[in-house]
Amino acid sequence: MNVVTICALISSLSFFAYAFSYFNAPHMKNEFKRFGLEKMGLTTVVLEIIGALGLLVGLKFNFILVISSLGLALLMLAGLIVRLKLKDSIWICLPAFFYMVLNTYIFCSSINLMNS
């Protein structure tokens, strides 16, 4: 198992866990209210589920990995921007930053695989 596969599995499982918690833990929905994005909560979670599934499918079809990792990296960039605008602490921003970097790494690595 190579590094990109491990990273894709970690990212995918994390996004599935987040989606599950959104539907089962009230504080997750309250976060979207705090962001002023209550109506975007379900859309965001659906995009995360699609991205997580795409990462798994992308392990077999590299083009899907490229698209999914880019989408999740951009989604986490948007999440990071929202948190920074709300002046959340570094510790609160760290997960969004981590998953943005992780998915950017997957994206760059999968692009390199396409070109080689």
Side-chain angles (χ1 to χ4, degrees):
M1 192 176 301
N2 64 29
V3 175
V4 174
T5 301
I6 293 168
C7 289
L9 290 173
I10 290 169
S11 182
S12 180
L13 293 174
S14 296
F15 280 104
F16 282 130
Y18 181 87
F20 179 76
S21 66
Y22 177 83
F23 293 111
N24 292 304
H27 77 276
M28 300 300 278
K29 290 180 183 170
N30 290 336
E31 278 291 285
F32 281 96
K33 287 180 188 174
R34 185 174 73 88
F35 300 153
L37 299 170
E38 185 176 0
K39 293 179 181 178
M40 293 296 296
L42 184 59
T43 302
T44 302
V45 169
V46 168
L47 290 172
E48 289 176 352
I49 291 170
I50 291 168
L53 284 170
L55 290 177
L56 295 178
V57 172
L59 295 175
K60 180 76 174 161
F61 304 100
N62 192 58
F63 180 72
I64 305 281
L65 187 61
V66 170
I67 300 300
S68 298
S69 58
L70 176 61
L72 288 171
L74 292 173
L75 200 58
M76 291 298 95
L77 174 61
L80 184 59
I81 290 169
V82 167
R83 289 192 173 281
L84 290 172
K85 281 187 174 186
L86 291 174
K87 299 187 186 334
D88 282 348
S89 73
I90 295 296
W91 292 112
I92 300 292
C93 296
L94 196 57
F97 178 75
F98 171 77
Y99 285 104
M100 179 187 70
V101 170
L102 181 64
N103 282 285
T104 300
Y105 171 77
I106 296 167
F107 171 73
C108 291
S109 297
S110 57
I111 286 286
N112 289 336
L113 288 173
M114 281 180 91
N115 294 331
S116 59

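Fair warning: this is a prediction, and the values are worked out from it, not measured in the lab.
- By the side chain to side chain contact (heavy atoms under 4.5 Å, CB included) test, Ile90 pairs with no residue at all, sequence neighbours left out.
- Legend: side chain to side chain donor-acceptor pair (under 3.5 Å) pairs involving residues 87-105, not counting sequence neighbours, sorted by first then second residue: Ser11-Asn103, Ser14-Tyr99, Arg34-Asp88, Arg83-Asp88.
- Without hydrogens or angle criteria, Ser110 side chain to Phe107 main chain gives a donor-acceptor distance under 3.5 Å.
- Rounding to the nearest 0.5 Å gives a distance of 10.5 Å between CD1 of Ile49 and OG of Ser12.
- In this structure, OG1 on Thr43 lies 10.5 Å from CG on Leu37, to the nearest 0.5 angstrom.
- Inter-residue side-chain proximity for Phe35 and Thr44 is flagged as unmet; no heavy-atom pair is nearer than 4.5 Å.
- Tracing side-chain contacts under 4.5 Å through hydrophobic residues (I, L, V, M, F, W, Y), one never reaches Phe61 starting from Leu113; they form parts of separate clusters.
- The hydrophobic clustering, which links ILVMFWY residues whose side-chain heavy atoms are closer than 4.5 Å, places Val101 and Ile92 apart.
- Met1 and Leu13 end up in different hydrophobic clusters when Ile, Leu, Val, Met, Phe, Trp and Tyr side chains are linked at under 4.5 Å.
- Looking at every heavy atom in both residues, Gly54 comes nearest to Ser68 through CA-OG, 3.0 Å.
- Within the structure, salt bridge (charged side-chain N to carboxylate O under 4.0 Å, His left out) pairs that include any residue of residues 39-61 do not occur (at least two apart or interchain).
- One distance of note links CG of Leu84 with CZ of Phe97; it measures 10.5 Å at 0.5 Å rounding.
- Checked against side chain to side chain contact (heavy atoms under 4.5 Å, CB included), Ile50 has the following partners two or more places apart in sequence or in another chain: Val46.
- Under a hydrophobic clustering in which Ile, Leu, Val, Met, Phe, Trp and Tyr are joined whenever their side-chain heavy atoms come within less than 4.5 Å, directly or via other members, Ile6 and Phe98 fall into the same cluster.
- With values rounded to the nearest 0.5 angstrom, Met114 atom CE is found 6.0 Å from Phe63 atom CZ.
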Quiz: residues 20-29 side-chain donor-acceptor pairs under 3.5 angstrom, not counting sequence neighbours:
{"unit_1": "Ser21", "atom_1": "OG", "unit_2": "Ala17", "atom_2": "O", "d": "3.4"}
{"unit_1": "Ser21", "atom_1": "OG", "unit_2": "Tyr18", "atom_2": "O", "d": "2.7"}
{"unit_1": "Tyr22", "atom_1": "OH", "unit_2": "Leu42", "atom_2": "N", "d": "3.4"}
{"unit_1": "Asn24", "atom_1": "ND2", "unit_2": "Phe20", "atom_2": "O", "d": "2.9"}

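- Note that CD1 of Ile111 is 13.0 Å distant from CD1 of Ile106, once rounded to the nearest 0.5 Å.
- Between atom CG of residue Leu75 and atom CG of residue Leu80 there is a gap of 12.0 Å, rounded to the nearest 0.5 Å.
- Here the options are Leu59, Leu55, Val4, the test is side chain to side chain contact (heavy atoms under 4.5 Å, CB included), and the partner is Leu9; only Leu59 passes.
- Annotation for Leu47 and Leu72: closest pair O-CD2, 4.4 Å, computed over non-hydrogen atoms.
- Both Leu53 and Met76 sit in one connected hydrophobic cluster of ILVMFWY residues. Membership requires side-chain heavy atoms under 4.5 Å apart, directly or through other members.
- Taking Asn2 as the reference, Thr5 meet the side chain to side chain donor-acceptor pair (under 3.5 Å) condition, with sequence neighbours excluded.
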